[in-house]
Chemist: 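The structure follows.
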Amino acid sequence: MIKYFEKTRVFHLQTKNTSYIINVLPSGHLGNLFFGKKLDFESDYDKLVLKNNIEVGSQVIYDSNDKTFNLNTAFLEMPTFGKGDFREPMCHIRLNDGSRLTNFLFLSYQILANKPNFKPLPQARDNNTPTLEITLFDEVSFLYIKLYYSIYYDEDVITRRAVIINDSENNCILEKALSMNLDLNNDDFVLSTFDGAWIKERMLNQQKLKPGIIKIDSKKGVSSSDHNPFFMIANESTTEKFGNCYGFALIYSGSYEANIELNPFDLVRVQMGVNSFDFFWQLQPKEVFETPEVVLSFSDQGFNKLSLNFHELINNQIIKPDFKNLERPVLFNNWEATMFDFTQSKLIKLAKKAKKLGIELFVLDDGWFGNRNSDTAGLGDWQVNKKKLPLGVSGLAQRIEKLGMDFGIWVEPEMINEDSKLYQDHPDWVISHPRFKPSLGRNQLILNLAKKEVVEYLFNVLSELFESARISYCKWDMNRNFSDLFADDLDNYQQGKLTHLYLLGLYDLLDRLTERFPNILFESCASGGNRFDLGMLYYMPQIWTSDNTDAYCRYLIQYGTYFGYKQSVIGAHVSDVPSQQVLRTTSLETRFNVSAFGLLGYELDITQLTSFETKVIKKQIDFYKQHRKLLQFGDLYRLKSPFSTNEMQLLVMSKDRSEAILGIFQTLQEPNAKLNQIQLPMLSQEKTYRITKRDQYFNLDTFGYLIKHALPIKIKAKGILFHLLKNRYLFKTETDEHLVSGDILVNNGFIPKQKYIGTGYNDSIRLMGDFGSRLYYIEEVK
Ligand code: GLA
């Protein structure tokens, strides 16, 4: 809902629970009056105005007719530099005469029933989404800026973007063109960012705002695992359950920046958009520059509600509508099982075993094409390697299909190895400078997708591949950051466009491919989660979260990721131990329990499983399939953070609160551990629930030589019988079933069986150990 109040020159934008209120200041600048919990349309807007009643010392007075007003202490929606606002500008434009002075004032507005189309960039979809368009004009430069605000009512989300139009006779250069600016009055704000690197993506970091500017950004050409393009600002006392918080996310997959500035007047400026570092964009007369869209959301019920807003937006408005609530298959991926070293018969053996385990989709990862036997060659040559796959991709796909599974394939189209046929034919297609020897990342170079002919080539070669076989899934990888930025077809005024033009080329390619192959489920990947953002999700409904599949690392990575992203987009695989990434050993059940809070897959040599492991995995997959809708699409709540405690607790719940799954995970086993009591405030106090622990198993290894104390029969630890039993015999963990009323679960909590405390073991003891975990199915009893 959007309303304009002519008398006060106020725009009031409402979502289900929030209000965003903009006003036209007496100076003509566009101001922000309020962003927070919903206010009445009939509010007295005057009472929202924070303004000086007297001249503020040492400020530049915008207009001497009103000495109380200066831009440096105003709450602005689209600030520029040059008229007394000394904070970061949202746009900075170099005009033809060399000046960088612009002053955009309110000109007009329209309230639109839909979002105007801006095809070249991904965006929250238009589902009759009411949109406010405000036009600002700078009368000296003849530049217009249109600001768009779209309302996602049910999701409690507002999206924003800007469009810059050059209506003058002259060129100008955009040196900074961000998507949004929001000024807030500091309320002991703490900033939460999600930072990391390869195999440790999206670690939660929190810091109190202090005077100065915090900038998170990526200069890598991808949104990057350094800082995810999602962050939150909250009052110091905000928790998962209570308190005010704001979330911001950019729908963009390239170099970006976000600035969080605290100025001397305790005003907080929040900005986000394409990175202005190494960016300049010549805008010729009549040309238009469109910024990517930013998602803004507010919650007065803590971080969990804020995350749910983002989760709902992703499922309802970002991913392709065909995949909304569409249950994702349990997949097998051969990468950690074989790497590049596979044959057709090895793959078929893996596939047969996968089928027996209950897997639905077989994914062939890297190494199936060209001369690709290591990561030094072959990228670019998307024709099958007949030595490895004599039946071709189609032959293999048919065999898989006959076994009763779908077939998926890996590609990394944006990349090229110098050792490839494509490079011999088109050395000019890579991003590099003619006088510098290009630096490699994972032995590869980047194809310049800013060039139309490159996009055209990729569209054709991939279309051929996707048409050549029954391919129902595609993992789209991208394994290096940008360097050697130079485009031989851009003049010196245009070079600053390269990375953004690359993104536009990539989006165009993805747009066309996903239109042409609407049934292929695409999974985005960039060395794991190096490009985990809403831009990629617009085309590809899921993302490979991280190359780190160690269960403990994964629960940190997934916990961080859930703040901004729904579990239905988070690829989560069970792999072998010790973990390839950290050499840690965790139990097979915990590896599954972590993956169950995402899109389940298996990525290990399943032909080598013991009979114990085979039986356990079958049961895991059965459980997952039985509760898949709930696990993938239920509302996710974070109950306990592994970043601040020795535990992680998660819960997914159906919208009608009739069923839920609780996951409890512990990092290290503590001696003489306390009794647990887990409050579940999201359940209904009016209902009664049955809680049933998922059947989980362990083998003799858990006890080692202590086995004589745990078993009724005596066997020699580490003897032949021990080994035989260890690989075959499934020991059931404790049984734990309760019938409990909702009011007890909400107010007192669920009490699982006591943990092992070193004094003995029986059927009522919960053996957790280091990295132990449990899942409980909670169901309403009528
Ligand atoms: C990247 C991906 C992995 C795997 C390899 C293949 O590292 O993140 O999952 O696909 O490439 O080379």
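Every number for a ligand or one of its atoms is a count from 1 in the order of the listing.
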Chemist: Return yes if a side-chain donor-acceptor contact under 3.5 Å exists between Trp368 and Asn385, otherwise no.
Modeler: no
Chemist: What salt bridge (Lys or Arg N to Asp or Glu O under 4.0 Å) pairs are there with at least one residue in residues 582-606, not counting sequence neighbours?
Modeler: Lys346-Asp605, Asp550-Arg584, Glu589-Arg694
Chemist: Is the charged tip of Arg638 near the ring of Phe303: under 6.0 Å from the six-membered ring centre and within 45° of its axis?
Modeler: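 No, Arg638 does not lie over the aromatic ring of Phe303.
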Chemist: Would you list the pairs meeting salt bridge (Lys or Arg N to Asp or Glu O under 4.0 Å) in which at least one residue belongs to residues 530-539, sequence neighbours left out?
Modeler: Glu414-Arg531
Chemist: Have Thr590 and Tyr555 got a donor and an acceptor in their side chains that come within less than 3.5 Å?
Modeler: no
Chemist: Measure and list all N/O to N/O distances between ligand 1 and the protein that fall under 3.5 angstrom.
Modeler:
from	atom 1	to	atom 2	distance (Å)
ligand 1	7 (O)	Asp547	OD2	3.0
ligand 1	8 (O)	Gly528	N	3.1
ligand 1	8 (O)	Asp547	OD1	2.5
ligand 1	8 (O)	Asp547	OD2	3.0
ligand 1	9 (O)	Lys475	NZ	2.7
ligand 1	9 (O)	Asp547	OD1	3.4
ligand 1	10 (O)	Asp365	OD1	2.6
ligand 1	10 (O)	Asp365	OD2	3.3
ligand 1	10 (O)	Trp410	NE1	3.1
ligand 1	10 (O)	Lys475	NZ	3.0
ligand 1	10 (O)	Asp477	OD2	3.3
ligand 1	11 (O)	Arg442	NH1	3.4
ligand 1	11 (O)	Asp477	OD2	3.0
ligand 1	11 (O)	Asn479	ND2	3.3
ligand 1	12 (O)	Asp366	OD2	2.6
ligand 1	12 (O)	Arg442	NH1	2.9
ligand 1	12 (O)	Arg442	NH2	3.0

Chemist: According to side-chain contact (heavy atoms from CB on, under 4.5 Å), who are the partners of Glu418, at least two apart in sequence or on a separate chain?
Modeler: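 Glu418: side-chain contact (heavy atoms from CB on, under 4.5 Å) contacts with Tyr423, Leu440, Leu445.
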